[in-house]
Amino acid sequence: MPLEAVNLKPSIGSELKVTAGMLAEGGLAREIRDLLVQRGVLIARDVHLNDDQQRAFTRSLGDLRLGTVRKEGEEGLMKVTMDKKVNPEYAEFFPGTFFWHMDGTYDAVPPFATVLTPRVLSAEGGQTEFANTYAAYDALAEDEKAYFETLQVVHTMQAAMFPAVPDVPVSQMQKWFTYPERVHPLVWRHKSGRKSLALSTSASHVVGLHPADSRGLLDRLIAHTTQPQFVYRHDWRMGDVLIWDNTGTIHRVRPYDAGSGRELHRFTLNGEEPISAA
Ligand code: OGA
Ligand code: MN
């Protein structure tokens with residue numbers, strides 16, 4: 001049976017008409033992967049995947065990232081929550097998600113894609129937004145494309161976290177500095193030949209530019225990329241599943257109360273290619 005899908009915005013997002021069984025069984029994986037890299041974000045409503053179904057579905061799309069949390073029955077599962085009792089290891093990093101970012105820019109090869117489902121929703125806020133970085137690149141003027149293809153950007157955990165945790169205790173800050181600093185090209189030429197902007201709040205500075213010019217350029221590019229025509233905003237409902245291509249989008253969550261108990265279950269796929277220069 002062919003995959004049934006409808007576009008959500010002209011340049012980003014599609015809704016799949018599928019059941020939990022169709023996703024977990026894996027028969028649509030090839031078509032879903034192809035659509036994902038074209039559309040940036042895919043969602044389905046009313047599917048109510050449990051953890052095992054969500055893991056099986058994620059595995060059907062690529063190489064499951066196992067991460068550092070190894071609990072019985074929770075292989076590969078990351079609980080996205082600011083509740084330290086639920087996720088003692090990572091809760092303090094999730095404030096970083098309020099700013100536009102790509103996941104895993106501190107890795108040589110950032111994750112390919114992530115599958116999210118909601119388990120507890122906040123009464124207010126907590127919508128997740130995605131911007132298509134292929135479409136944003138394509139919309140640049142030709143001389144801008146040519147210039148940006150010459151630039152390299154330094155990415156750090158502290159650049160991503162400082163705006164989110166301005167009153168940080170030194171002990172917490174020290175953990176940020178244990179993450180590696182990475183230099184990635186600003187324009188990513190993918191194996192497919194398509195090009196995207198490799199942007200993120202983790203972008204500390206552009207190599208070789210004055211810090212003031214660098215900040216101005218990175219801020220302008222984020223503003224360009226997150227114009228409404230490139231953005232899909234997801235209003236969560238219980239039963240949803242959402243998949244995003246982490247290599248062709250940036251994302252952020254809209255403000256929600258840290259005490260709301262908001263919790264999403266996340267399974268991630270390992271990356272398949274480094275951010276390569278054009
Ligand atoms: C993430 C993330 C956004 C959200 O899990 O990488 O950015 O809506 N989550 O919680
Ligand atoms: Mn993220």
Side-chain angles (χ1 to χ4, degrees), residues 12-13 36 40-43 49 51 54-55 58 61 64-69 74 76-84 86-87 89-107 109-133 155-157 159-161 163-165 176 179 182 184 196 198-203 222 225-226 231-271 275:
I12 185 167
L36 177 63
V41 185
L42 305 178
I43 68 155
L49 295 178
D51 288 343
Q54 188 178 346
R55 183 187 300 104
T58 309
L61 299 174
L64 184 70
R65 182 185 179 117
L66 294 174
T68 55
V69 183
E74 296 194 351
L77 171 62
M78 167 69 85
K79 294 176 181 172
V80 178
T81 177
M82 292 208 273
D83 186 338
K84 289 195 172 67
V86 178
N87 189 342
E89 221 178 324
Y90 291 105
E92 70 187 31
F93 284 92
F94 287 113
T97 60
F98 292 114
F99 297 82
W100 287 107
H101 66 283
M102 189 192 324
D103 288 346
T105 50
Y106 48 83
D107 286 333
V109 180
F112 163 49
T114 290
V115 178
L116 273 185
T117 61
R119 301 308 163 111
V120 180
L121 292 175
S122 53
E124 280 170 55
Q127 302 89 350
T128 312
E129 295 184 326
F130 299 85
N132 188 326
T133 54
H155 291 260
T156 67
M157 182 59 82
M161 293 304 296
V165 193
W176 304 345
Y179 282 77
R182 295 278 176 197
H184 295 298
S196 67
L199 292 171
S200 183
T201 183
S202 67
I222 291 276
T225 302
T226 59
V231 173
Y232 167 68
R233 166 187 279 221
H234 189 66
D235 279 303
W236 290 99
R237 292 198 322 232
M238 295 306 286
D240 289 350
V241 59
L242 182 151
I243 313 138
W244 81 84
D245 173 3
N246 186 59
T247 71
T249 58
I250 52 175
H251 61 283
R252 70 170 179 181
V253 60
R254 301 306 293 143
Y256 62 89
D257 180 359
S260 65
R262 183 181 188 274
E263 180 180 338
L264 307 180
H265 281 195
R266 173 175 119 168
F267 289 89
T268 292
L269 292 170
N270 284 317
I275 303 179

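Atoms within each ligand, like the ligands themselves, are counted from 1 in listed order. What you see is a predicted model, and the numbers here were worked out from it, not measured in a lab. These numbers come from the heavy atoms of this one structure, side chains and all, not from hydrogens, waters or symmetry mates.
Around the Mn ion (ligand 2), the protein contributes the following N, O or S atoms at distances under 2.8 Å: H101 NE2, D103 OD1, H251 NE2.
For F93 and Y179, the gap between ring centers is short of 6.0 Å. Taking the six-membered ring where the residue is Trp, the centroids of H251 and W244 are separated by under 6.0 Å.
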Apply side chain to side chain contact (heavy atoms under 4.5 Å, CB included) to residues V41 and I43 and explain how you reach the verdict. CA-CA 7 Å; V41 185; I43 68 155; 4.2 Å; yes

Could you walk me through whether D51 and H265 satisfy the side chain to side chain contact (heavy atoms under 4.5 Å, CB included) test, starting with their C-alpha distance in whole Å, then the side-chain angles of each, then the deciding distance to 0.1 Å, before giving a yes or no? CA-CA 8 Å; D51 288 343; H265 281 195; 2.8 Å; yes

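Between R119 and E263 there is no salt bridge, since no side-chain nitrogen of the basic residue lies less than 4.0 Å from a carboxylate oxygen of the acidic one. The existence of a salt bridge linking R65 and D107 is confirmed by a sub-4.0 Å separation between a basic side-chain nitrogen and an acidic carboxylate oxygen.
Between the side chains of S200 and W100, no donor N or O sits under 3.5 Å from an acceptor N or O.
Within 4.0 Å of ligand 1, counting heavy atoms only, the contacting residues are V80, T97, H101, D103, T128, W244, H251, V253, R262, L264, R266.
When atom types are taken as modelled, the side chain of T97 and the backbone of F94 share a donor-acceptor pair closer than 3.5 angstrom.
Annotation: side chain of H155 is not in contact with side chain of Y106 (no heavy-atom distance under 4.5 Å).
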